[in-house]
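Scroll down for the structure; my scribbles are underneath it.
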Amino acid sequence: MSHQSLLEIKDLRGGYDAGDVLHGIDLAVASGSVTAVLGRNGMGKSSTIRAIMGLLPQSSGEISFDGRDIMALPSHRRARLGIGLVPEARQVFRSLTVREHLTVAARRADGGGWTTDRLMDLFPVLRKRAKAFGNNLSGGEQQLLVIARALSANPSLLLLDEPTEGLAPAIVNEIGVLLRQLRDEADAPAILVVEQNLRFALSVADQAVVLVSGEVAYRGTAAEFGQRVDIQQRLIGVGAA
Ligand SMILES: Nc1ncnc2c1ncn2[C@@H]1O[C@H](COP(=O)(O)OP(=O)(O)OP(=O)(O)O)[C@@H](O)[C@H]1O
Ligand SMILES: [Mg+2]
C-alpha cells in the first residue's frame, strides 16, 4: 500500500486550439476530503475539472486516479472508474421526473451505495419533489438534483463546477449544509469544488487551492486560507465577504 492520494495531478498542461491554458498544475486530493479550487474568471478552474474528466486536450503531465494512470483514458472510462462530474450548466432533463433522474444514472453495487432512497434521505427536498418534472424545478432544486444524480453513480471523486452560481443566498446556505452532511458520511466521495463564492467554499472545504493563469498560486488548509485576507485580496481580489 502506498500513501498515494486518490487523485494526483503532476505538471499538467493542456488547453484549446489557441494554446495551453493550464501551465503545469500540481494537485493532490485525498480520499474523502473536500478541496476548493478558487480563482478569478478565466484562470483555468473549469479547464482543470475538464482535464480531470478527460474533456480537455492535455499536452503533457500526469493524472493518476486510485493509483492508476488515467491520462490516456476517454471520459466515459474515467466515469466508470469513479469520477463524477457536475458541470457548470446544470443539464436537468425537462421531461424526466426527479425520481427518474436518480434511477437512470444509478450504478448500484449490491444494493449498497447511493440508492434513490438514501439520496432522498440526504436531500429531503428531492423526496418532496420526486414526481416533479425537470422543467418545473427551481434553480436550487435543479442544483441539488444534479448533485444527487452524480452521487447515484457512486463516484469516489465528485467534481463540482460552481454549484452556487446564480442561486439566492438562502439556497447557497442550504447547499452548504447538504455538502457538509455529505462530507460527514462514512462513504462520502472526495470532492473537488470550483467556486467563486469564497465564504461558501471555505465552509465546505478542508483544502483550498487558488489558480492564477493556469497555475497553482496558493495551496493550504481552508482554515489557514480563511485567515489570510491579504492573500485572498491579492489572488482573488476579495476579502471573505
Ligand atoms: N472552449 C474554449 N475554447 C477556447 N478557449 C477557452 C475555452 N474555454 C475556456 N477557454 C479559455 O481558457 C482559459 C481558462 O478558462 P476556464 O473556463 O478554465 O476558466 P475559469 O477559471 O473556469 O473561469 P470562470 O470563473 O469564468 O468560469 C480562459 O482564458 C478562457 O478564455
Ligand atoms: Mg469556469
Side-chain angles (χ1 to χ4, degrees), residues 7-29 34-63 65 70-71 74-76 78-79 83-92 139-140 142-143 146-147 150 155 157-169 171-172 175-176 179 190-205 207-220 222 225 231-241:
L7 176 74
E8 283 196 10
I9 301 178
K10 291 198 184 115
D11 199 23
L12 179 69
R13 295 161 194 272
Y16 305 91
D17 287 345
D20 281 358
V21 297
L22 303 182
H23 301 287
I25 300 279
D26 290 288
L27 191 63
V29 175
V34 182
T35 299
V37 177
L38 302 151
R40 293 191 177 97
N41 291 120
M43 291 303 178
K45 304 182 299 296
S46 297
S47 300
T48 299
I49 277 197
R50 279 186 222 128
I52 296 167
M53 200 70 233
L55 299 170
L56 181 88
Q58 302 144 182
S59 34
S60 65
E62 295 170 26
I63 305 179
F65 179 68
I70 61 166
M71 272 293 267
S75 58
H76 68 274
R78 300 189 195 196
I83 304 179
L85 171 66
V86 178
E88 209 166 351
R90 292 183 186 121
Q91 297 174 349
V92 161
Q142 289 186 14
Q143 186 60 59
V146 292
I147 294 173
L157 174 64
L158 184 62
L159 308 171
L160 303 174
D161 198 349
E162 301 209 28
T164 70
E165 192 183 14
L167 301 179
I171 312 290
V172 172
I175 292 175
L179 286 183
I191 296 175
L192 190 75
V193 56
V194 164
E195 259 303 332
Q196 298 272 358
N197 183 330
L198 179 62
R199 177 188 286 195
F200 169 86
L202 295 180
S203 80
V204 299
Q207 183 188 207
V209 168
V210 183
L211 298 188
V212 174
S213 303
E215 292 180 79
V216 175
Y218 176 89
R219 95 181 68 240
F225 189 59
I231 302 179
Q232 292 168 16
Q233 275 166 353
R234 184 159 52 81
L235 300 182
I236 316 182
V238 290

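None of these values were measured; they are calculated from a predicted model. Read the numbers this way: they start at 1 and go in the same order the structure lists the ligands and their atoms.
- Of the protein's non-hydrogen atoms, Y16 CD1, 3.4 Å is the one closest to atom 5 (N) of ligand 1.
- Contact detail for K45 and E162: the closest heavy-atom pair is CE-OE2, 4.3 Å.
- Ranking the protein heavy atoms by distance from atom 17 (O) of ligand 1 puts S46 CB, 3.7 Å first.
- Minimum interatomic distance between E195 and P163 (heavy atoms only, all atoms of both residues): OE2-CD, 3.2 Å.
- The shortest N/O to N/O separation between T48 and ligand 1 does not fall below 3.5 Å.
- Contact annotation: the side chain of Q196 never approaches that of E165 to less than 4.5 Å [non-hydrogen atoms, C-beta and beyond].
- Comparing L211, N41, L56 by heavy-atom distance to atom 26 (O) of ligand 1, the nearest is N41.
- For G44 against T48, the heavy-atom pair with the smallest separation is O-OG1, 2.7 Å.
- Considering only non-hydrogen protein atoms, atom 27 (O) of ligand 1 sits nearest to E162 OE2, 3.5 Å.
- Put simply, the side chain of V216 reaches to within 4.5 Å of the side chain of L211, judged on heavy atoms.
- Nearest protein heavy-atom contact of atom 29 (O) of ligand 1 is G42 O, 3.8 Å.
- Of the possible donor and acceptor atoms, none in the side chain of R219 sits under 3.5 Å from a partner among the backbone N and O of Q207.
- Atom 31 (O) of ligand 1 is never approached by the protein to below 4.0 angstrom, counting heavy atoms only.
- Looking at ligand 1, you won't find any N or O of V21 less than 3.5 Å from one of its N or O atoms.
- At least one N, O or S atom of S46 sits under 2.8 Å from the Mg ion (ligand 2).
- For atom 19 (O) of ligand 1, the candidate residues are A18, A51, S47, G44; the nearest heavy-atom contact is made by G44.
- Considering every non-hydrogen atom in both Y218 and G220, the closest pair reads CE2-N, 3.6 Å.
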